[in-house]
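A quick write-up on the structure given underneath.
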Amino acid sequence: MKRVALLLAALSLPMFLATPAARAVETRVTVRVRAHDAKFIGTGVGGVQVVVRNADTGRLLASGRIEGGTGNTKTLMKTPITRGQRLSDGSAAAYVATLDIDEPTRIEVVARGPLAAGSNVQTASRTLWVLPGQDLAGDGVLLELQGFLVYPVSPAPHQFFRMGDEVTIEAHVAMMCGCPIKPGGLWDADKYAVKALVQKDGKQVAKLDLAYAGATSRFKTTYRPEGPGSYKVLVTAADPSANNFGVGVTSFVVKGGK
C-alpha cells in the first residue's frame with residue numbers, strides 16, 4: 001500500500017507542476033472628474049493629471065491626463081438625475097487607464113487639477129477593487145473637485161504704483177471646469193461673493209467687494225493705498241450655499257513720493 005501511495009504521488013506531481021500560472025489581463029479603467037456644482041473638467045482648463053496605484057503595495061499601475069470636453073449641459077445641470085443614469089457622453093473628458101492585473105486588485109486613483117488652475121489646483125482620490133478583464137467603462141471612476149478658478153488679472157504681481165494712485169483690482173472667476181459666470185446665467189454672478197482682502201506687513205488693511213465687471217467671469221473694484229510699502233491681495237470667491245470657495249493671490253508695491 002505504501003508503494004502504491006508513493007506511485008500515485010509521483011504520477012500527480014508532473015500534473016501539479018504543469019498547472020499554468022495566472023496571466024495578467026488588460027483591464028481598462030475610465031476616470032472622469034467633475035467640478036463641484038458644474039460640469040466635467042477637461043482640456044479647456046489644462047486637463048487633470050491621474051495616477052493609478054496598487055492601494056496595498058503602492059506600485060504604479062498607470063498614469064495619464066484627463067482630456068476632452070465638459071459634457072452635456074442639459075444632462076449635468078438641468079435634468080434631475082435618476083438612479084443608474086449615465087452622466088457622461090462621448091464629448092465628456094476622460095482618461096482610460098490600462099492595467100495589467102492577474103488577480104483582484106485594490107487600486108487607488110488620484111486626480112490632481114485642473115492643471116491650469118494655479119493656486120486653485122486640487123486633489124481628489126478613491127480606492128476600489130478591480131477584477132481582471134472587468135473594464136470600468138461609461139462614467140467609470142467619477143471624482144469631484146470643489147472650488148473656483150480665481151485668476152487676478154490686475155494688479156500684476158509686484159506691479160509698482162505711486163502714492164495717490166488708484167489700484168484696480170480685477171479677477172477672472174469661473175467654475176473649476178471653466179464654465180462661465182455672469183448675471184442671470186446658469187452660474188449666476190449675483191449668487192457669488194467675490195472679495196479682495198488687502199494685506200500690508202502681515203495685517204489686513206482693507207476688505208473690498210468686487211462687482212461684476214460687464215464681461216463674462218470678470219469682477220473688479222478699486223483701492224487707494226494709504227501708505228508706501230508692499231501689499232498682498234487675496235481675491236476670494238464664495239458660494240456658501242454649495243460649500244464652494246476659491247482664492248487667487250497677487251501683490252503690488254507703492255513707492256513713496258511723486
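Reckoned from all heavy atoms, side chains included, excluding hydrogens, waters and symmetry mates.
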Open item on the list: Suppose clustering is done on Ile, Leu, Val, Met, Phe, Trp and Tyr with side-chain heavy atoms closer than 4.5 Å. Which residues sit in the same group as L60?
Closed with: V51
TODO: Check which hydrophobic residues are tied to L115 through side-chain heavy-atom contacts below 4.5 Å, counting indirect links as well, and list them.
DONE: none
- [ ] Let me see the working for F148 and Y192 under ring-ring contact (aromatic ring centres under 6.0 Å, His included), right down to the final yes or no.
- [x] CA-CA 11 Å; F148 290 93; Y192 307 120; 5.3 Å; yes
Open item on the list: Please report the interatomic distance CD1(I181) to CG(D190), rounded to the nearest 0.5 Å.
Closed with: 11.0 Å
Task: More than 12 heavy atoms from other groups under 6.0 Å of NZ on K200 - done: yes
Task: Distance (rounded to the nearest 0.5 Å) between L234 CG and S251 OG - done: 10.5 Å
- [ ] Could you pull out all residues at least two apart from F161 that satisfy ring-ring contact (aromatic ring centres under 6.0 Å, His included)?
- [x] F252
Task: From M175, R34, M77, residue fulfilling side-chain contact (heavy atoms from CB on, under 4.5 Å) relative to K39 - done: M77
Task: In one Ile/Leu/Val/Met/Phe/Trp/Tyr side-chain cluster, 4.5 Å: F245, M176 - done: no
Task: Check ion pair E108-R126 (N to O, under 4.0 angstrom) - done: no
TODO: Check A97 against A62 and note the closest heavy-atom contact, atom names and distance.
DONE: CB-CB, 3.8 Å
Open item on the list: Can you confirm whether E226 is buried at CD, in the sense that more than 12 heavy atoms of other residues, nucleotides or ligands lie under 6.0 Å from that atom?
Closed with: no
